Every structure is written in structure tokens, then in C-alpha cells.
Amino acid sequence: MDIELQKKMIEKAQAARSHAYAPYSGYSVGAAVLAASGEIYGGCNVENASYGLTICAERNAIFSAVAAGERKLSAIAIIGPEDGELPYPCGACRQVMTEFAEDPGMPVIVARSEDSFEVYRLEELLPHSFQL
Ligand code: THU
């Protein structure tokens, strides 16, 4: 995918991050998924006083896409704090990505900003994923 589309996805993830609800960890995350239809869906992390009920930004974005009728995802961008470590997705979210990725090599963009990011293939982040 071209750099302009990568930057556009990071921008959408950043917009979603502005809605993060993270009063317990103070760690805000945003994600944006590009569906095969061409539509982009955003998501943010949403925490809860019962900590284990928290949902990650990535799964929120993916589930929004699926709830809108999408079934195949072409790419995902994730953004965390501008000055922190890159926000690599957690294992649970990697497995959920695998469920809907149109290709095992789906690009996973991990960003601090539009000018500081890395791109991975999903299968390098989660080799030998569980499949039925
Ligand atoms: N979080 C995400 O949104 N995505 C990840 O891949 C890892 C963690 C969120 C969950 C929680 O709200 C905060 O980051 C700290 O763990």
C-alpha cells in the first residue's frame, strides 16, 4: 500500500484515539481498519472500573467494521503516545486480526505519529495463528 494511504490511516487512528476512555491506565490508543470495500473504521480503547472488561482500540475498530457488514480487512493502523514505545498490538488483537484479514500478509501499521511508524505483515506478528 502506498505511503499516502498509510498516512491517511494513521490520521484516522489518531482521530479515533482522541475518543479513548483510559482513566485507569492513562494510556490512550487509536486504531483504524481499512475494509475491502474501501471504507475506514476507527476504534479506541475503552476501559472499565472492572479492569478486565476493557477493550483494546484494535478490536473496537475491527468489530465496528464487522458490525457495519464488512468481512474482509485490508490493513490496520494503530497509534499510541507520540513519545512512547511503538504500540505493538496485544496477542488477543493479533488473533482477532487473523480472523478477518483478507491476506495473511495484511499490513499492520504501528505508529507514534504520521512521521514515526513501522509496517509489519500480520503473519510475522502472529505466526502459526489458530485456525479452524
Ligand atoms: N491497549 C490497546 O488498546 N491495544 C493493545 O494492543 C494493547 C493495550 C489498551 C488497553 C488498556 O486500555 C491500555 O491500552 C493499557 O493496557
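On a predicted model such as this, the values are computed, not experimentally measured, just so you know. Order of listing sets the numbers, starting from 1, for every ligand and every atom in it.
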Pair Asp115 + Lys7, salt bridge at N-O below 4.0 Å: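 Salt bridge present between Asp115 and Lys7.
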
Give the residues near ligand 1 by chain and number, with the criterion being a heavy-atom distance under 4.0 Å.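 The 4.0 Å shell around ligand 1 contains Ser25, Tyr27, Val29, Asn45, Glu47, Thr54, Cys56, Ala57, Glu58, Pro89, Cys90.
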
State, without any angle test, whether Glu118 and Tyr88 hold a side-chain donor-acceptor pair at a distance under 3.5 Å.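 Yes - a donor-acceptor pair under 3.5 Å links their side chains.
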
Can any side-chain N or O of Ser116 pair as donor or acceptor with the backbone N or O of Arg112 at less than 3.5 Å?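 A pair under 3.5 Å: no.
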
Keeping the roles fixed (side chain from Asn48, backbone from Tyr51), state whether a donor-acceptor pair exists under 3.5 Å.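 Flag not set: sc Asn48 to bb Tyr51 has no pair under 3.5 Å.
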
What I'd like to find out is whether the side chain of Glu39 reaches to under 4.5 Å of the side chain of Leu34, using heavy atoms alone.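 Counting from C-beta outward, Glu39 and Leu34 never come under 4.5 Å.
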
If every non-hydrogen atom of Gly42 is compared with every non-hydrogen atom of Ser64, which pair is closest and at what distance?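 That would be O-OG, 4.1 Å.
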
